[in-house]
Structure formats: structure tokens, C-alpha cells
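For reference, the structure discussed in these notes is given below.
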Amino acid sequence: MRLSRYFMPVLKEDPKEAQIVSHRLMLRAGMIKQQAAGIYSWLPLGFKVLNRIQQIVHEEQQRAGHIPMLMPTLQSADLWRESGRYDDYGDEMLRIKDRHKRDLLYGPTNEEMVTDVFRSHVSSYKDLPLTLYHIQWKFRDEMRPRFGVMRGREFLMKDGYNFDLDRDAALHAYNRHLVSYLRTYERMGLQAIPMRADGGPIGGDYTHEFLVLAETGESEVFYDSQITDLKFGAREIDYDSVAECQAVLEEFTSRYARTDETHDEAIFAEVPEERRRSARGIEVGQIFYFGTKYSEAMGATVVGPDGNRVPVEMGSHGIGVSRLLGAIIEASHDDKGIIWPEGVTPFHAGIVNLKQGDVATDSACEALYAELKTQGLDALYDDRDERAGAKFATMDLIGLPWRITVGPRGLANNKVELTSRRSGESVEMSPQEAVLRLKEIYKPVFDAAY
RNA sequence: CGGGGCGUAGCGCAGCCUGGUAGCGCGACGGUUUUGGGUACCGUAGGCCGGAGGUUCGAAUCCUCUCGCCCCGACCA
């Protein structure tokens, strides 16, 4: 993309409504525009990252064997009356009437609807196990939306629902989700720690929240510092293997890690003092096993091998897709702007033309831009007629992890500069070398795709 | 929902107390200049002052109502 033709309305000054760094940077980088309290337009740059994150979530869900679908944003109130949650949910649920005065609601989650889909079409244990998921906009009418996309009213969420014949199978589904979530967050350059949590309105007592440590987190968390050394890494796993998934769950949940909701001082005291930590965390996902709570209320049953009809065992699992942008920025920025992890960056690299209008420099930039594209790398070419300082400041703000600086001084020796946004280190090399180096850098990102 | 605050140009703000027909910085646009970290100078455009009603000869300014947004708290992914 040529910046002169792109739409990226960056701001030099901080908008006053933004209090936390991710909100401020998303507004300044021209990623979002607020349309109402807690409701945002996703401008091209923000939309690009949102899509990258969605893509990773889709890939990791499907790698785990989960099946994508799409349910509507608007739901009939009748379904929610069946489960009893129409009254329980309170004012957080946005209720709407259509022209026939039928009660509708903008879905805050989809347990009822997916259970309805299931009961309409599945009746035999032979169709199990089944995990359906979708990535869809949700609405929760928060009393006080804040922190930009971290706590909006409208938000994009991946929610998945497993259907299993018995408790053991459902617990395997739970473990499988835990594993897939670990992979998902790591691909985004995040460390998200599974912590024992509270069931909340979804119900169920078997649940973990995934938290990204950040000063601006909404939850207070307590953990054994050893847990931050754990990495899922590039290991292969057989998602159908109960033992393998169970082993990963045990590895990642055996050390103390709880949110304030479930924190227990007595148990925490057993952790050696030098490893005890308390911090703030941003919740970016949660997994639940809740058994037959919805299947019983809504009559979602299957006939088992013994010929008896039993309510199906369920769990649900969510990833806050739009909120992840905020979480990633909270975890990865400096005083100049965002620092995108390679896995989610909107562009793989930025090209800064230091002397726009100079024939040699322009053509070197064009050639580099074309070659990156040929090699499958998506570059943002700053071809504006701006001074170097302004271009650098923009690149730093929007956080592309790699920058190639092209100017007449270096080109005299066939050199450009490859600079890491994270470390600030610059290395001179030929344009050809820069392309090769970027291909190496992004190889793990491309290899991780499913 | 309780408490507090703010709506004046694209963004950040002043003007309001003490009514007299709107200003600054940044940005945008045009030019000169400059050219490796938001260059300097000159110029131009852009606002019925959130909305409605009222008081007044006259309202951004005073009064009433209303809408929106922000902050603290409670709540929440």
C-alpha cells in the first residue's frame, strides 16, 4: 500500500477522551473512530489488524477440529425465556422490538441459539463430539463503557460451544480449548496466562480465564512467577489425544494463578514467597464447562449407545477478538507508539523514502516495494512528500515492526537501512538483502498458518 | 445507577464570572525554503459556539429544559 493513497488519519496530539495508552494510540494511529459510547468504526489500519487477529483465531480453532459457522446478531427473546436468562441478564442486554412488537435482543452471547441449532438437527451420539464456533459482533450495554475497544459495548468475539455425550468427553473438549487458546495467543505475540476464575452469568464452576499481564488490566491477579516461564512454543499436539491435552492443561494450570474472584490467601501462601506475584491483568478469553445447564433447560438431548435419551454435555469458550487489539497494544508499546508483534502487524514492513521526488530514490523504493510484494510481504510505502522526521514519527506511531529506510546517501553504496521497531537497531544492507532478511523474519509467521 | 465535569474550526484549547456579533496552537490547503527524527517563514480556507426554549435592544456568555460525551465509584469479557 502506498501511504499517499491509503486512508490513515493519524493525529499528532492526544485526543482528550482517551485515558489509557492503547485507546490513545489506536485513536492517534487512525485505527478507530468512536461513533457512540463504546461503539467504534474500524478504520482501515485497525480493520487490518482486527482481521489478522480473526484469521489467527479461525486457523487455531480449525486446527483443533472446531467448525466455523455464523449466527445472527439479533436473537429472539423466546430462546432466552427458555433458558431463563431473559430476565436474569438485566439491563446489560440490549432489548429491541420489531415492527410486530416481537421482543428481540442484540445477542451478548450465543448459548441459547447454538443449543437451538443443535437440538434441531442432532439427535444421536454418533454425531458427537461436535464443536461449533463463530466470530460475531456482540453487544452488552455496559453502564460505563471505557478504555476504547477494551471495554466497548459492541465487541467482536469468538465464541465456541462443544457438545459431548458425557462429562469426560466434555472435559476433553475443555482441555482442547485450553491448548488451542495457548497457541492462539502465542501466535499474536502475547503471553496469556490461564487462571482459575469465576463462572459469572454463563454458569458452571469449571472455568479458566486467560489474562495478559498489563498495568492497565481490569482484574487483580495473583500467581506463581514460574508460570510466566511456560511457553507452548511450536510443539505439535494431537487434539484428539485425551492424554496429550490433559498433560498440557496440567502443565499450564498446576502453578498458582488466580484472579481476585477466586484468590485464596491460604493456598497462595504455600507458594515460596520470592515467587509470589500480584499484578493487573486484561482478560482476553475464558473457557467454561457447564454440563447440562442449557441442554436440560432447552431439551437438547441425544440418544446414547444404550438407547437412552440424555441431555448433551456442553461447554462454551470465548476469545475477545476486538479487545485483543487493546490488550496487545497495552503489552507492546513505547513512548513513540505501538510496537506490533510480527504475527498481527497490519503491514510486514514500512518503506520510508527520504527524498521523495528524487528519481534514483523513488525508483529504488518502487523496486523494493514491488519485490516485497512478489515475495508475499505486505509493505506500507511512505511515498508522501514529507520530511524524514515526520515519516519516522508516523512509522513509529503505527508500530510496524520493521522499517526500511531508503535515501540517496545510502543508495550511493547500494545500501538501505533495516530497522527494528522494538529494539531500534538499524543495519545497513542492500535492498536485496533486506528483502531476504524480512522473508526470514516472517517465515515463522507464515509457517504457523494452518 | 450515585457523584463530578465537559460540549466553541479536523484535533487540543482560550473567551463565559463582569452580555456588544469569535480567537490561539496544531493540522489542512497554496507558496518560498528545507531535506536522515514532526524545518522555518508568508499566505488561504474552515465554526449559525451540541440542540430547543426563555430573558434582553442585543446571548458562546444569563436562565430553563434536553441530547451527547468524559472521569471516579458500583458493575462487567
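Each chain gets a letter, A, B and so on, in the order the sequences are listed, and its residues count up from 1. What you see is a predicted model, and the numbers here were worked out from it, not measured in a lab. Hydrogens, waters and symmetry mates are skipped; everything else that's a heavy atom, side chains included, is used.
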Write down the protein N/O and nucleotide N/O pairs, taken from nucleotides 4-8 of chain B, whose separation is under 3.5 Å; answer none if there are no such pairs.
from  : atom 1 : to     : atom 2 : distance (Å)
C6(B) : O2'    : K16(A) : NZ     : 3.3

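Across U64(B) and U55(B), the matching P atoms stand 15 Å from one another, rounded to whole Å. Only the P atoms considered, C69(B) is 31 Å distant from C26(B), to the nearest whole Å. Spacing of C1' atoms, G58(B) relative to U21(B), comes out at 9 Å, to the nearest Å. The same atom, P, is picked in U66(B) and in A59(B); the two are 23 Å apart, to the nearest Å. Taking the C1' atoms as reference points, C63(B) lies 13 Å from G19(B), given to the whole Å. Spacing of C1' atoms, G47(B) relative to A28(B), comes out at 15 Å, to the nearest Å. Nucleotides A22(B) and C67(B) place their P atoms 31 Å apart, quoted to the nearest Å. Between the C1' atoms of A45(B) and G36(B), the separation comes to 33 Å (whole Å).
Side-chain nitrogen and oxygen atoms of R144(A) include at least one within less than 4.0 Å of the OP1 or OP2 phosphate oxygen of C71(B).
Put simply, CD on E261(A) is 12 Å from C1' on C75(B), counting in whole angstrom units. Look at CZ on F147(A): it is 12 Å from P on C70(B), rounded to the nearest Å. Remark: P of C76(B) and CD of Q286(A) are 12 Å apart, rounded to the nearest angstrom. With rounding to whole Å, E17(A) atom CD is found 6 Å from G12(B) atom P. Between the C1' atom of G12(B) and the CD atom of Q19(A) lies a distance of 14 Å, rounded to the nearest Å. In this structure, the CD1 atom of I282(A) is 18 Å from the P atom of C76(B), given to the nearest Å. When rounded to the nearest whole Å, the span between CE of M143(A) and C1' of C72(B) equals 15 Å. Atom pair M157(A):CE and C76(B):C1' shows a separation of 13 Å (rounding to whole Å applied).
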Which nucleotides of nucleotides 27-43 of chain B have their base under 4.0 Å from a protein heavy atom (B), which only their sugar-phosphate (S), and which neither (-), written as one string 5' to 3'? S------BSBBBB----
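Of the candidates C69(B), C1(B), G12(B), the closest approach to any side-chain atom of P15(A) belongs to G12(B). Minimum atom distance to the side chain of Q34(A) is reached by C69(B), of the listed A74(B), C69(B), C72(B). When distances run from any side-chain atom of R151(A) to the nucleotides A74(B), C69(B), C76(B), the shortest one goes to C76(B).
Listed by first and then second residue, the salt bridge (Lys or Arg N to Asp or Glu O under 4.0 Å) pairs involving residues 408-424 of chain A are D334(A)-R421(A), D396(A)-R421(A) (not counting sequence neighbours).
The ring pair (Phe, Tyr, Trp, His ring centres under 6.0 Å) check on Y181(A) picks up F210(A), with sequence neighbours excluded. When the side-chain hydrogen bond (donor to acceptor under 3.5 Å, both in side chains) test is applied to R153(A), the partners found at least two apart in sequence or on another chain are D141(A). For the ring pair (Phe, Tyr, Trp, His ring centres under 6.0 Å) test, no residue two or more places apart in sequence or in another chain qualifies with F232(A).
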Please tabulate, one pair per line, all N/O donor-acceptor pairs under 3.5 Å involving side-chain atoms of residues 363-371 of chain A, not counting sequence neighbours.
from    : atom 1 : to      : atom 2 : distance (Å)
S363(A) : OG     : V359(A) : O      : 3.1
S363(A) : OG     : A360(A) : O      : 3.1
E366(A) : OE1    : R2(A)   : NH2    : 2.3
E366(A) : OE2    : R2(A)   : NH2    : 3.2
Y369(A) : OH     : M1(A)   : N      : 2.5
E371(A) : OE2    : Q375(A) : NE2    : 2.9

Distance-only donor-acceptor hits, side chain of residues 337-351 of chain A, under 3.5 Å, sequence neighbours excluded:
from    : atom 1 : to      : atom 2 : distance (Å)
W340(A) : NE1    : I398(A) : O      : 2.9
E342(A) : OE2    : W402(A) : NE1    : 2.7
T345(A) : OG1    : F347(A) : O      : 2.7

Please tabulate, one pair per line, all N/O donor-acceptor pairs under 3.5 Å involving side-chain atoms of residues 10-25 of chain A, not counting sequence neighbours.
from   : atom 1 : to      : atom 2 : distance (Å)
Q19(A) : NE2    : K16(A)  : O      : 3.4
S22(A) : OG     : E330(A) : OE2    : 2.7
H23(A) : ND1    : G148(A) : N      : 3.4

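When both pairing distances are held under 3.5 Å, C26(B) makes a Watson-Crick or G-U pair with G10(B). Pair check for C57(B) finds G20(B); Watson-Crick or G-U wobble, both atom distances under 3.5 Å. Searching all strands for a Watson-Crick or G-U wobble partner of G36(B) with both distances below 3.5 Å returns nothing. Across all strands shown, A74(B) forms no Watson-Crick or G-U wobble pair with both distances under 3.5 Å. Pairing partner, C69(B): G5(B), with both Watson-Crick or wobble hydrogen-bond distances short of 3.5 Å. Both distances falling under 3.5 Å, in either a Watson-Crick or a G-U wobble arrangement, occur for no nucleotide opposite G47(B).
Among the heavy atoms of the strands, none lies under 4.0 Å from G281(A). As judged by a 4.0 angstrom heavy-atom cut-off over every strand, E142(A) is placed among the base-contacting residues.
The shortest heavy-atom contact between T405(A) and R403(A) is OG1-NE, 3.1 Å.
Using the six-membered ring where Trp is involved, H177(A) and H66(A) have ring planes that are parallel, under 30° apart on the 30 and 60° scheme.
A side-chain donor-acceptor contact under 3.5 Å links T207(A) and Q286(A).
Side-chain contact between W42(A) and V149(A): present, with at least one pair of heavy atoms (C-beta onward) separated by less than 4.5 Å.
Taking 4.0 Å as the cut-off between side-chain N and carboxylate O, R81(A) and D78(A) count as a salt-bridged pair.
Nearest-nucleotide mapping onto RNA chain B: of G285(A) and R146(A), the residue sitting toward the 5' end is R146(A).
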